[in-house]
Amino acid sequence: MAWTKIYDGAEPVRVNKWLAQSGVCSRREADELIAVGAVMIDGERVSDAGRKIAPGQTLVLNDRAELGLGAQ
């Protein structure tokens with residue numbers, strides 16, 4: 001099952017920073033998940049490690065991301 005969460009911060013923030021602050025993974029791990037195409041925002045695959053998520057947007061880590069995180 002994919003991990004899904006709506007960003008409720010006041011200002012846009014880098015995806016890797018938010019994932020780390022949420023306790024999902026480290027920033028470096030988030031960069032790796034983005035690189036392999038395992039991160040989506042509002043149905044659009046994130047391909048840029050510098051991408052920011054804006055308030056109200058939904059981030060989804062697909063099943064491949066969960067497998068990658070669990071393998072460590």
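Note that the coordinates shown come from a computational prediction; the quantities given were computed from them, not determined experimentally. Residues take their numbers from the sequence shown, with the count starting at 1.
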A.B. asks: Does any pair with a residue in residues 24-61 pass ring-ring contact (aromatic ring centres under 6.0 Å, His included), and if so which ones, sequence neighbours excluded?
C.D. replies: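 Qualifying pairs: none.
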A.B. asks: For Ile34 and Ser47, work out which heavy atoms get closest and say how close.
C.D. replies: CG2-C, 4.0 Å
A.B. asks: Distance check, rounded to the nearest 0.5 Å: Lys52 atom NZ versus Lys17 atom NZ?
C.D. replies: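 It comes to 9.0 Å.
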A.B. asks: CH2/Trp3 to CG/Leu33 distance, rounded to the nearest 0.5 angstrom?
C.D. replies: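 Interatomic distance, Trp3 CH2 to Leu33 CG, rounded to 0.5 Å: 11.0 Å.
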A.B. asks: Can you tell me which residue pairs pass the ring-ring contact (aromatic ring centres under 6.0 Å, His included) test with a partner in residues 24-43, sequence neighbours excluded?
C.D. replies: none
A.B. asks: So, using side chain to side chain contact (heavy atoms under 4.5 Å, CB included) as the criterion, who are the partners of Ile41 when residues are at least two apart?
C.D. replies: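 Scan of Ile41 (side chain to side chain contact (heavy atoms under 4.5 Å, CB included), adjacent residues dropped) gives Val15, Val46, Arg51, Ile53, Gln57, Leu59.
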A.B. asks: Under 4.5 Å between side-chain heavy atoms, hopping through other hydrophobics if needed: is there a path connecting Met40 to Trp18?
C.D. replies: no
A.B. asks: Going by atom type alone, with no hydrogens or angles, which donor-acceptor pairs under 3.5 Å involve a side-chain atom of residues 4-13 and a protein atom two or more places apart or on another chain?
C.D. replies:
| from | atom 1 | to | atom 2 | distance (Å) |
| --- | --- | --- | --- | --- |
| Tyr7 | OH | Glu11 | O | 2.5 |

A.B. asks: Taking all atoms of both residues into account, what is the closest heavy-atom pair of Ala2 and Asn62, and its distance?
C.D. replies: CB-CA, 4.1 Å
